[in-house]
2 protein chains.
Amino acid sequence: MDSVQVKNHANHPKGCARMSDLLERLRARGWRMTSQRRVVAEVLAGEHVHLTADEVHARAVARLPEIARATVYNTLGELVALGEVVELSTDGRAKRYDPNARVPHQHLVCSGCGIIRDVHPAGDPLAVLPSAERFGFTVSKADVTYRGICPACACA
Amino acid sequence: MDSVQVKNHANHPKGCARMSDLLERLRARGWRMTSQRRVVAEVLAGEHVHLTADEVHARAVARLPEIARATVYNTLGELVALGEVVELSTDGRAKRYDPNARVPHQHLVCSGCGIIRDVHPAGDPLAVLPSAERFGFTVSKADVTYRGICPACACA
DNA sequence: ATCCTACGATGGACTCAGTCCAAGTCAAGA
DNA sequence: TCTTGACTTGGACTGAGTCCATCGTAGGAT
């Protein structure tokens with residue numbers, strides 16, 4: 001049923017539909033639906049960019065002025081635990097939150113400006129790790145960060 | 001009081017040789033050789049584990065009690081800039097420093113205890129990113145973090 | 001519709017990792 | 001040996017995130 005997709009750069013006319021899907025899933029999992037949680041979820045689902053917790057807080061404050069920073073952190077943590085959002089730390093600074101958790105993908109980061117793009121490598125990155133290189137670990141996933149220079153930074 | 005260090009596992013009987021190679025290379029690049037820098041380089045080269053800056057500082061203090069934390073940070077930063085050491089942030093907490101920078105490799109991290117192993121996947125991880133997925137970036141490298149459970153944590 | 005109460009929100013203090021800076025020190029070239 | 005600027009020091013500072021006592025409220029029970 002996923003007719004909804006996703007190649008979108010900026011605009012996703014189905015944003016609202018996916019949003020209520022998200023709230024739906026959260027409610028189904030026993031989430032108490034508060035205005036704070038709704039706002040955080042909306043902020044994340046509303047823009048397909050990779051925001052830091054403070055950026056999420058700033059956007060949330062614009063809609064719900066009294067929301068606390070701690071609440072944003074709590075809610076982001078819960079969304080990550082539920083698998084609805086992926087946490088990235090591509091630069092050793094603030095973590096970023098990726099709302100596109102349902103489609104497996106990797107990230108391409110510009111070493112100049114830090115912009116992050118979602119990318120889809122060919123094949124399963126796990127497959128190229130020989131079992132001799134697994135040291136008895138049960139390996140469950142591979143996070144890949146491609147690094148380079150984006151077109152805008154290349155000109156400058 | 002620190003006669004013997006670390007019994008690191010087997011691998012590098014050439015520890016000393018490689019150490020002086022390192023100091024050699026650094027001197028050749030115009031490094032002023034201070035006792036602090038020597039100690040930091042020795043700490044890193046002495047154990048093939050992935051230490052945090054504070055762990056490096058603790059080990060450095062054991063040999064040179066008055067060394068400052070800022071000096072350790074400065075020196076680690078310079079070693080990274082010179083390409084002698086690789087900086088990792090696998091967990092969004094403290095960065096770790098990998099002295100094994102001359103051999104390209106990736107990392108396997110235990111989600112239980114956080115232990116990190118160097119691993120060598122087959123092939124070049126860059127090769128699997130189609131140019132259609134590069135968005136005009138000049139992509140220069142791929143950092144892969146494999147995640148799983150180590151044998152010790154699997155038992156527990 | 002109202003009550004209850006456990007779950008969630010608040011905000012301020014706190015921790016942890018890392019950076020900055022003015023002043024002092026010292027490696028190494030002349 | 002002298003000089004000098006690169007390096008070190010320690011303490012203050014910042015940024016990101018966590019903790020916690022207290023207050024508020026969503027949503028089931030009545």
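Not measured: the values here are computed from a predicted model. By convention in this document, chain letters (A, B, ...) are assigned in the order of the sequence lines, proteins followed by strands, and residues within each chain are numbered from 1.
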Inset, instruction - Tell me, with the steps shown, if A:Arg29 and A:Glu84 meet salt bridge (Lys or Arg N to Asp or Glu O under 4.0 Å). - result: CA-CA 12 Å; A:Arg29 302 211 215 179; A:Glu84 295 290 345; 3.2 Å; yes
Inset, instruction - Please determine, for the side chain of A:Ala70, which listed nucleotide (D:dC19, D:dG11, D:dT18) has the closest atom? - result: D:dC19
Inset, instruction - Would you list the pairs meeting ring pair (Phe, Tyr, Trp, His ring centres under 6.0 Å) in which at least one residue belongs to residues 79-114 of chain B, sequence neighbours left out? - result: B:His50-B:His107, B:His105-B:His107
Inset, instruction - To the nearest 0.5 angstrom, please state how far the CZ atom of B:Arg37 sits from the CD atom of B:Glu78. - result: 4.0 Å
Legend entry - Within-4.5 Å side-chain heavy-atom neighbours: A:Leu44 and A:Leu79: yes
Inset, instruction - Whole angstrom is fine here: how far is it from CD1 in B:Ile67 over to C1' in D:dT9? - result: 11 Å
Inset, instruction - Compare every heavy atom of A:Ser140 with every heavy atom of A:Leu126, then report the nearest pair and how far apart it is. - result: CD1-O, 3.6 Å
Legend entry - Terminal helix-axis angle for the helix from C:dA1-D:dT30 to C:dA30-D:dT1, with five pairs defining each axis and rounding to 10 degrees: 30°
Legend entry - Heavy-atom pair with the smallest gap, counting every atom of B:Cys110 and B:Cys113: SG-N, 3.4 Å
Inset, instruction - Please work out which residues in residues 28-40 of chain B have a non-hydrogen atom less than 4.0 Å from an atom of DNA chain D and list them by number. - result: B:Arg32, B:Thr34, B:Gln36, B:Arg37
Legend entry - Test item: B:Leu23 and B:Arg38 side chains (from C-beta on) under 4.5 Å apart, heavy atoms: yes
Legend entry - Bounds of contact between DNA chain C and chain B, in 5' to 3' order, using a heavy-atom cut-off under 4.0 Å: C:dA17 to C:dA28
Legend entry - Pairwise 5' ranking along DNA chain C for A:Glu66 and B:Arg93, keeping only the more 5' one: A:Glu66
Inset, instruction - Would you list the pairs meeting side-chain hydrogen bond (donor to acceptor under 3.5 Å, both in side chains) in which at least one residue belongs to residues 142-156 of chain A, sequence neighbours left out? - result: A:Lys141-A:Asp143, A:Asp143-B:Arg147, A:Arg147-B:Asp143
Inset, instruction - Assess whether atom CG of A:Leu88 is packed by more than 12 heavy atoms of other residues, nucleotides or ligands within 6.0 Å. - result: yes
Legend entry - Residue pair A:Val119 / B:Arg134, side-chain heavy-atom distance below 4.5 Å: no
Inset, instruction - Please name the residue in the list B:Arg69, B:Arg59, B:Arg93 that meets the salt bridge (charged side-chain N to carboxylate O under 4.0 Å, His left out) test with B:Asp54. - result: B:Arg69
Legend entry - Spacing between A:Arg69 atom CZ and D:dC20 atom P, to the nearest angstrom: 16 Å
Legend entry - Whole-Å gap separating P (D:dA16) and OH (A:Tyr97): 12 Å
Legend entry - Sole residue of B:Leu64, B:Thr71, B:Leu76, B:Thr34 in side chain to side chain contact (heavy atoms under 4.5 Å, CB included) with B:Val40: B:Leu76
Inset, instruction - Provide, to the nearest angstrom, the distance between the NZ atom belonging to B:Lys95 and the P atom belonging to D:dG15. - result: 15 Å
Legend entry - Contact residues, residues 72-86 of chain B to DNA chain D [heavy atom, < 4.0 Å]: none
Legend entry - Heavy-atom closest pair, residues B:Val72 and B:Ala53: CG1-O, 3.8 Å
